[in-house]
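Okay, structure first, notes after.
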Amino acid sequence: MRYSQLLLPTLKETPAEAEIVSHQLLLRAGFIRKLTAGIYAYLPLGLRTLRKIEAIVREEMNRAGAQELLLPMVQPADLWQESGRWEKYGPELLRFVDRHQRASCLGPTHEEVITDLVRMNVHSYKELPLNLYQIQTKFRDEIRPRFGLMRGREFVMKDGYSFDADEAAAGITYNKMKEAYSRIFARCGLSCRAVEADTGTIGGNFSHEFMVLAATGEDTIVVCTACDYAANMEKATCPPPAPAATLPAMLELERIATPGQKTVEEVTAFLGITPDQLVKTMIYLADGKPVAALVRGDHEVQPVKLKNLLGVVDVELAGEDTIRKICDLVPGYLGPIGLTMPVVADHQVMVMANMVTGANQEDVHLKNVNLGRDFTVSQAGDLRMATAVDSCPQCHGRLELPRGIEVGHIFKLGTSYSEALQATFLDDHGKRQPFVMGCYGIGVSRCIAAAIEQNHDDNGIIFPLPIAPFQVILLNLSPKDVEISRGADNLYEELTSRGIDTLHDDRNERPGIKFKDADLIGIPLRVMVGKRFAEAGEVEIKQRASGDTQVLPMAGAADALVAMLDRIMTGAPKA
RNA sequence: CGGGACGUGGCUCAGUCUGGUAGAGCACAGCGUUCGGGACGCUGGGGUCGGAGGUUCGAAUCCUCUCGUCCCGACCA
C-alpha cells in the first residue's frame, strides 16, 4: 500500500476524550474514529489489525475442530422469552419493535439463536460433538461505554457454542477451547492469564476468563504467587476461618454516643479500635427487596457472591435515600440488631465476639455486640472481596491482586439453554437428552486495545508482528530524488511480490514526519531508502521494538527483511 | 441511574469570574526558502461559541431549560 493513497489521519496531539493510552494511540495513529459514544469506525489500519486477529482466531478455532458460521444480529423477542432472558437481561439488551410491531432485539450474544438452529437441525448423538462459532459485531447498550475499543457498545466478538452428548464430552471440548484460547492470545502477542470466573448473565456452572495483565485493566484479579491459583474478584474464594479455640467471654452490650462518626475510619479512630473489631452493615436491594449484609470493618462486600448466596437475579447497593425512606434507617449508623429485613453475614463475622456495630440510631454505636445473643443471621457464607492479606485458598501462599483486561471468557453452560429451549437429541439408547453446551467468547476488537496497552512507548504503538497492520514500512526519505525514488519503488515491488505486507511511505514529506508517523503506527520493521542509497547503494532497517538498526546493501534488503520476519515469527509462540 | 467535569474552526486550547462587534498554536490551500526525528517566512480559506428560551441598548460571557461528551461507581468480550 502506498501511504500517499491511504486514509491514515494521524494526530500530533492527543484528543481530550481519550484517557488511556490504547484509546489515545488508536485515535492518534488513525486506527479508529468515534461516531458516537461507544461506537467507532475502523479506518484502514484499524481494520487491518482487526482482520489479522480474526485470522488467528479462525485458524485456531478451526484447528480445534470448530466450524464457522454467521448468525443474525436482529433477533426476535420470542426466542429470548423462551429462554427467560427477555426479562432477565437488563437494559443493555437493546430492544425495539419492527414495522409489524414485533418485539425484537440486537444480539448481545447468541445462545438462543444457536440453540434454536441446532435444535431444528441436529437430532442424533451421531452428529455430536458440534462446535460452532462466528465472528460478528455485537451490540450491548452498555451503561457506560469507555476507553475506546476497551468497552464499546458495538464491538467485534468471536462467539462459539459447543454441543456435546454428555458432561464428560463437554469437559473435553471445554479443555480444547481453553487450549485454543491460550494459543490464540499467545499468537497475538498478548501476555495473558486464565482465571476462574463467575458465570454472570450467560449462566452455567464453570468458567474461565482470559485476562491480559495491564495496569489500566478494568478488573482486579487474584493470583497466587506460589501455585497456579488465579480467579477474578467475583470468584476468588475466602475460605471460612478456623473457629477460635476459646471464644472470649461475651461482655455486656453498651451504647456509645458517636456524634458525627459514620465511616469505618471515623468510628474506629473515635473509639480507639481496629477495623477488624467492627462490623459493617450494608443494605442491598436483592431483586428489589432489602437485605442487610454484614462484613468485617476491614472487608468489602462482593456483590456477586452476595447475589449467588441469596440465589437472586440482581443485587444493588441501596442508596442513602432508599435506606432512609424504605428501610427507615440512618446511613452511617447501621447495625444488625432489630432489623426486620433478612440479615446475611460473611463467615468472618460469624467468629467475631464483642463487635462494634451501628445502633440504627443517629450518632449512636453499640459495643460488645454478639451473634446469637443480640441478633441472628438468616444465612452465612463467603460474601467479601479477597484482599492481598488473605492467603491462597488452594495452597495458602501469598496472593497478589493485579489488574487485567478480559479478552476472552469460556463457560460450561450445562443444559440450561438446551432445556429451556427444548433442544434435544436421541442418544445411543434412543433416549431423548438435552445437549450439554458450552460457550466461548473473545473480544476481538478489545484485543487491539489490550495489545496496545501492553505494547507501546512514548513514541507510539509497538505492534506484535502477527497483528501489525503492516509488517514493514518502507520510507522513501527523498521523494523528489529520482534515483532514490526508483530504488524505493523497486524495493516496494519486490517486498510486495514476496507477500510481505508493506506500507510504502511515498509522501512528499520531510523525513522527520515520516519517522514520527512510522513510530506512531507501530509497524515492526522500518526500512529506509535515502541519501545512503544514493551514495553507497545502502538501505537501513530499524526494528520498532528494540530500536536496533542495521545498514545493508539494497541488493540484499528484501532477503534480509524476509529473514527477520521469519525470525520474529518463530521467536514468538509458534503457531 | 447517582456523583463530578466539560462543550469556542478538523485537533489542542485561551477568552467566561468582571457582558462591548471571536483569538492562538497545530492542521488545511498557495508561493518561496528548507529537507535523516513532527522546519521557517509570507498570504489565504474556514467558527450557528452544542441547542432553545430569557435578562440586557448589547451575551461565547449572566439566568433557565435541553442535548452531547468525558471521568468515578453498579454491568461485561
Side-chain angles (χ1 to χ4, degrees), chain A residues 9-20 23 27-28 33-34 36-38 57 89-93 108-110 135-160 181 197-202 207 209-212 218-219 232 234 284-285 301 303-304 307 314-322 405-411 439-450 459-460 475-481 484 508-520 526 528-534 540 542 547 549:
Chain A
T10 58
L11 266 26
K12 203 179 284 187
E13 286 173 288
T14 302
E17 69 189 40
E19 192 76 8
I20 64 169
H23 189 195
L27 290 169
R28 285 193 53 210
R33 286 292 183 266
K34 184 178 73 180
T36 183
V57 170
Y89 221 105
E92 79 188 38
L93 179 64
T109 175
H110 284 70
I135 296 176
Q136 194 213 31
T137 298
K138 295 278 187 279
F139 192 91
R140 295 183 187 171
D141 202 355
E142 292 283 346
I143 304 166
R144 183 149 87 88
R146 62 181 151 178
F147 297 156
L149 295 187
M150 199 71 92
R151 173 174 302 278
R153 293 194 294 163
E154 196 178 287
F155 60 99
V156 176
M157 177 170 165
K158 188 283 301 181
D159 51 325
Y181 272 42
D198 187 77
T199 49
T201 352
I202 309 272
S207 153
E209 287 174 346
F210 288 78
M211 308 294 296
V212 167
E218 293 184 278
D219 304 292
N232 69 11
E234 298 167 356
Y284 279 82
L285 294 177
V301 176
V304 172
K307 185 181 86 172
D314 179 54
V315 296
E316 191 188 344
L317 188 58
E320 289 214 5
D321 289 355
T322 313
I405 301 164
E406 184 185 358
V407 290
H409 202 159
I410 61 178
F411 301 81
C439 84
Y440 317 95
I442 291 180
V444 179
S445 42
R446 179 181 284 180
C447 283
I448 304 176
N459 292 317
L475 304 190
N476 177 349
L477 295 179
S478 306
K480 286 176 186 158
D481 183 301
I484 289 171
N508 189 10
E509 294 288 355
R510 301 156 58 84
I513 289 178
K514 298 191 176 191
F515 295 143
K516 288 289 184 189
D517 276 333
D519 284 349
L520 179 61
R526 176 169 109 197
M528 289 155 282
V529 183
K531 256 189 293 195
R532 263 215 168 86
F533 174 66
E540 275 167 276
K542 182 168 183 178
T549 307

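When reading the values below, keep in mind they use all heavy atoms of this one structure, side chains included, and skip hydrogens, waters and symmetry mates. Note on naming: letters A, B, ... go to the chains in the order of the sequence lines (proteins, then strands), and numbering restarts at 1 for each one.
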Expressed as a whole number of angstroms, how long is the span from [X]:[atom1] to [N]:[atom2]?
X	N	atom1	atom2	answer
A:Asn232	B:A77	CG	C1'	14 Å
A:Leu285	B:C75	CG	P	14 Å
A:Glu218	B:G73	CD	C1'	12 Å
A:Glu316	B:G2	CD	P	12 Å
A:Lys12	B:G25	NZ	C1'	10 Å
A:Leu520	B:G37	CG	P	18 Å
A:Phe155	B:C76	CZ	C1'	8 Å
A:Ile410	B:C76	CD1	P	18 Å

Can you check nucleotides 28-36 of chain B for protein contacts, nitrogen or oxygen pairs under 3.5 Å, and list what you find?
residue, atom, partner, partner atom, Å
B:U34, O2, A:Arg510, NH1, 2.4
B:G36, O6, A:Lys531, N, 3.3
B:G36, N1, A:Glu540, OE1, 2.5
B:G36, N2, A:Glu540, OE1, 2.6
B:G36, N2, A:Glu540, OE2, 2.9

Looking only at N and O atoms, is any donor in the side chain of [X] or the base of [N] less than 3.5 Å from an acceptor on the other one?
X	N	answer
A:Asn459	B:G37	no
A:Arg140	B:C76	no
A:Glu13	B:G25	yes

Inset, instruction - Could you grab the distance from atom CZ of A:Arg151 to atom CD1 of A:Ile405, nearest 0.5 Å is fine? - result: 11.5 Å
Inset, instruction - Could you tell me the separation between the OH atom of A:Tyr181 and the NE2 atom of A:His409, rounded to the nearest 0.5 Å? - result: 10.0 Å
Using a cut-off of 4.0 Å on non-hydrogen atoms, how would the nucleic acid contact of [X] be classed: base, sugar-phosphate, or nothing?
X	value
A:Arg33	nothing
A:Gly152	base
A:Arg153	nothing
A:Asp519	base

Legend entry - pair A:Met150-A:His23: side-chain heavy atoms closer than 4.5 Å: no
Do any N or O atoms of the protein come closer than 3.5 Å to N or O atoms of nucleotides 70-72 of chain B, and which pairs are they?
residue, atom, partner, partner atom, Å
B:C72, OP2, A:Arg144, NH1, 2.9
B:C72, OP2, A:Arg144, NH2, 2.7
B:C72, OP2, A:Arg146, NH1, 3.3

Inset, instruction - Write down the distance separating the C1' atoms in B:G50 and B:C67, rounded off to the nearest Å. - result: 7 Å
